[in-house]
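Written out below as structure tokens is the structure these notes cover.
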2 protein chains.
Amino acid sequence: MTGVRARVRAELTAEIKAIARRQMAEEGPANLNLRAIARELGMVSSAIYRYFASRDDLLTALIVDAYNALGEVGEAADAAVDPHEVRARFLAVANAAYRWACEQPSQYLLLFGTPVPGYAAPQDTIAPATRFTIVLLGILDEAARQGAVPAVRPTVPPTVSVDFRRLRELTGTGGDDELMLAGMQAWTALFGAIGFILNGQFRNVIGDVDAMFAEFAQLLAGQVFHEVDPA
Amino acid sequence: MTGVRARVRAELTAEIKAIARRQMAEEGPANLNLRAIARELGMVSSAIYRYFASRDDLLTALIVDAYNALGEVGEAADAAVDPHEVRARFLAVANAAYRWACEQPSQYLLLFGTPVPGYAAPQDTIAPATRFTIVLLGILDEAARQGAVPAVRPTVPPTVSVDFRRLRELTGTGGDDELMLAGMQAWTALFGAIGFILNGQFRNVIGDVDAMFAEFAQLLAGQVFHEVDPA
DNA sequence: CCTGAAACGAGAGCACTGCTCTTGCATTCC
DNA sequence: GGAATGCAAGAGCAGTGCTCTCGTTTCAGG
């Protein structure tokens, strides 16, 4: 223990992030405002710089937290389902991500929206960023073990095949190239749908977006895990 | 003709937008800077306000232009293919959108990235915004006429079914609910994939993102237009 | 052709932002 | 106890969107 000072510092750091999150939720992800945070803390803006070297630094911390939160949500949803029921696992994880995104739209957009200008994600973010993806890859791995075959089998070109091989070695998971491609497509489709809904692209088009997303998830599950759990 | 003044005004308006586009491409979509535009024009910042009432107003004009550009690209790609070959039409439109997005990433992100904070899309934007979607719906309509059936047929819940009925009446296109759902899912998946690629979510994961996208498009085409053009 | 109205660009200025630097004070460590 | 470090405050800099005012230029109706 380095004494009181360290604990106060940790608390204040957490408080700054909490206020930043709340303000972002109210004013939009790009309106992160150091002076407003300082004002709310009864501090002067320059004092914030004792805790975060710059606005980007605070942003990075928030992004890492958000990635971890999403990752945890995905892991928890996956763990709550029978490991052999890949389809149920996929649906659980997909719905968990959707629910989390709807509850924390600003955080979701912080991760998958337009990158904040001039901001380059530092190395610290890539590990938390992969947590959710690893959950999906785990499901894909189990599906491959069960002999799953995507509903539509594309021919994977060699360049992509090389990437997939490296990805399999890196994570120790995954099925053949076709299943892998279908899985990644489902991954992007999932986040594409969430992004569309959050950004209001369906406004005045679809009323019940929640039901729509549920159907999308079902569709994706059926497209990827075709021969598994047929009815 | 209302004289020289009107023409100069139109030219300057266009020039402001052109500079804004270029600067956004260089500095990121959220860094639209009125003073920098004015500087480049050799004007003073307040003069810009003679042409656009506010920063949001300029943003709206740029968004409308971008929607129209994307819509035109989609329409042109669709028109260049035999109207009966729905699969080829879908691939052409999908690839056209991808190519346009890669060439104009800032414009694409202006449309489908995080909404600029505090910015609410006014009524003027919704008509141009639907242009690209209408192209896709047209393909879906032709597919329905040919008896296309999606690879995986979900059960569409009544609330979504109502939305689809209204959408069909509004646009005069579309097949049955199942095909409609598959089409909308393909739509979101398409833009989800483009967004992932543009935002660099595949960095250090997939090297040849172009090949990856081409496969995604093939996969989507196969998922939606299953019984059409079997080989 | 002339004149009043409208449009225009320049400039100053307001409130705000992220960020830097210096200055005292409090805490920690040797 | 004294030195080193952590800390908040305050002033200040360069930049932002936006407003208002002030002469000038253009245009249209009499």
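Protein chains get the first letters and strands the later ones, always in sequence-line order, with residue 1 at the start of each.
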Atom-to-atom span, [atom1] of [X] to [atom2] of [N] - whole angstrom:
X: B/Asp57; N: D/dT19; atom1: CG; atom2: C1'; result: 16 Å
X: B/Glu11; N: C/dG9; atom1: CD; atom2: P; result: 13 Å
X: A/Ile16; N: C/dG18; atom1: CD1; atom2: P; result: 13 Å
X: B/Asn31; N: D/dT16; atom1: CG; atom2: C1'; result: 11 Å
X: B/Glu27; N: D/dT16; atom1: CD; atom2: P; result: 11 Å
X: A/Leu34; N: C/dT20; atom1: CG; atom2: C1'; result: 13 Å
X: B/Arg50; N: D/dT24; atom1: CZ; atom2: C1'; result: 12 Å
X: B/Leu41; N: C/dA10; atom1: CG; atom2: C1'; result: 15 Å

Check whether any side-chain N or O of B/Asn68 sits under 3.5 Å from a backbone N or O of B/Pro128 as a donor-acceptor pair, and report yes or no.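 Side chain of B/Asn68 to backbone of B/Pro128, a donor-acceptor pair under 3.5 Å: no, none is there.
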So that I can tick it off, tell me whether A/Arg99 and A/Glu103 are bridged by a salt bridge, with the cut-off set at under 4.0 angstrom between side-chain N and carboxylate O.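 Looking at A/Glu103 and A/Arg99, the cut-off is not met.
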Do A/Asp177 and A/Arg165 sit within salt-bridge range, that is, some charged N less than 4.0 Å from a carboxylate O?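 So A/Asp177 does not pair with A/Arg165 through a salt bridge.
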May I ask you to evaluate whether B/Asn33 reaches the phosphate of D/dG15, defined as a side-chain N or O under 4.0 Å from OP1 or OP2?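 No.
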Kindly say if B/Arg39 contacts the phosphate of D/dT16, meaning a side-chain N or O under 4.0 Å from OP1 or OP2.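 Answer yes for this pair, as a side-chain N or O of B/Arg39 is under 4.0 Å from OP1 or OP2.
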For a quick check, tell me whether the side chain of A/Arg9 and the base of D/dG6 share a donor-acceptor pair closer than 3.5 Å.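 Between D/dG6 and A/Arg9, which were checked side chain against base, a qualifying N/O pair under 3.5 Å is absent.
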Is there a donor on the side chain of B/Arg35 or the base of D/dG15 sitting less than 3.5 Å from an acceptor on the other?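 It does not, because no donor-acceptor pair links the side chain of B/Arg35 to the base of D/dG15 below 3.5 Å.
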Check the orientation of B/Phe191 and B/Tyr108. Use parallel for under 30°, tilted for 30 to 60°, and perpendicular for over 60°.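 Parallel, since the angle between the ring planes stays under 30°.
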Of the nucleotides C/dG18, D/dG17, C/dG9, which one has an atom closest to the side chain of B/Arg55?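 Comparing C/dG18, D/dG17, C/dG9 against the side chain of B/Arg55, the answer is D/dG17.
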Tell me what [X] touches on the nucleic acid: a base, only sugar-phosphate, or nothing, going by heavy atoms under 4.0 Å.
X: A/Leu12; answer: sugar-phosphate
X: B/Tyr51; answer: sugar-phosphate
X: A/Ser46; answer: base
X: A/Leu32; answer: sugar-phosphate
X: B/Ser45; answer: base

Assess the side chains of B/Asp208 and A/Thr159: does a donor N or O sit below 3.5 Å from an acceptor N or O?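 A pair is found: one side chain offers a donor N or O, the other an acceptor, under 3.5 Å apart.
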Which residue, A/Ala53 or A/Ala36, contacts DNA chain C at a nucleotide closer to its 5' end, judged by nearest heavy atom?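 Result: A/Ala36.
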